[in-house]
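Below: the structure, in structure tokens.
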Amino acid sequence: MIEEKIKELGFELPAVAKPLAAYIPAKQVGNLVMTSGQVPLVNGVINYTGKVGSDLSEEEGQKAAQICALNCLAAVKDVIGNLDKIIEVVKLTVFVASTADFTAQPKVANGASELIGKIFGETGKHVRSAVGVTTLPLNASVEIEMIVRVE
């Protein structure tokens, strides 16, 4: 059902991204699943590289955040087998590579938060941090960590 909703919204759940270093994409502890930071990888290639505020617009940052959120969901699915087991999305931590004068990190993060809301409805309402950083791995513009509560 959740994957059908993702398709209805015009998106596709990707295969889980291979780790870029010495970590695993997601881990379940009790009824929580936490993801490692997911960047906007599409078919093994980083989309939306550089800094929001100079190389990319706020809107492009939002699109990068959407890809990151979908990659987080793919990592969760890899652990639990079926996204319908998600009871609620608990938290997103959104890192935005941005210029020193760019202060709209929360608006960039909304790209992910609004997509999660459209996919999950009420159970998608989550707490969130949106943090501006100087650089991210592989020159990614956005990186997101997700925590979900599962059956």
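The analysis underlying the following values was restricted to heavy atoms, covering all of them including side chains, and did not include hydrogens, waters or symmetry mates.
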Query - Any Ser36 side-chain heavy atom under 4.5 Å of Pro25 side chain - result: no
Query raised in the report: Considering residues, nucleotides and ligands other than Glu88, do more than 12 of their heavy atoms fall under 6.0 Å from its CD?
Result: yes
Query - Nearest-0.5 Å distance that lies between atom NZ in Lys63 and atom CD in Gln66 - result: 8.0 Å
Requested in this report: Using atom types as modelled and distance alone, determine if a side-chain donor or acceptor of Asp78 lies under 3.5 Å from a backbone N or O of Ala26.
Outcome: no
Query raised in the report: With a 4.5 Å heavy-atom cut-off, do Leu115 and Leu70 have their side chains touching?
Result: yes
Query raised in the report: Out of Arg128, Glu143, Glu145, which one pairs with Thr93 under the side chain to side chain contact (heavy atoms under 4.5 Å, CB included) rule?
Result: Glu145
Query raised in the report: Ignoring hydrogens and geometry, is there a side-chain-to-backbone donor-acceptor pair from Asp84 to Ile2 under 3.5 Å?
Result: yes
Requested in this report: Without swapping roles, check the side chain of Asp55 against the backbone of Lys51 for a donor-acceptor pair under 3.5 Å.
Outcome: yes
Query raised in the report: In terms of hydrophobic clustering (I, L, V, M, F, W, Y; side-chain heavy atoms under 4.5 Å; direct or indirect links), are Leu136 and Leu56 co-clustered?
Result: no
Query - Any Val90 side-chain heavy atom under 4.5 Å of His126 side chain - result: no
Query raised in the report: Does Met146 offer a backbone N or O that forms a donor-acceptor pair with the side chain of Thr35 under 3.5 Å?
Result: yes
Report task. For the pair Gln62 (side chain) and Lys107 (backbone), establish whether a donor and an acceptor sit closer than 3.5 Å, ignoring hydrogens and angles. Result -> yes
Query raised in the report: Do the charged groups of Lys85 and Glu151 touch, with an N to O distance under 4.0 Å?
Result: no
Report task. Please check if the side chain of Thr49 supplies one atom and the backbone of Asn139 the other of a donor-acceptor pair under 3.5 Å. Result -> no
Requested in this report: Side-chain contact test, heavy atoms from C-beta onward, threshold under 4.5 Å: evaluate it for Met34 versus Ile147 and give yes or no.
Outcome: yes
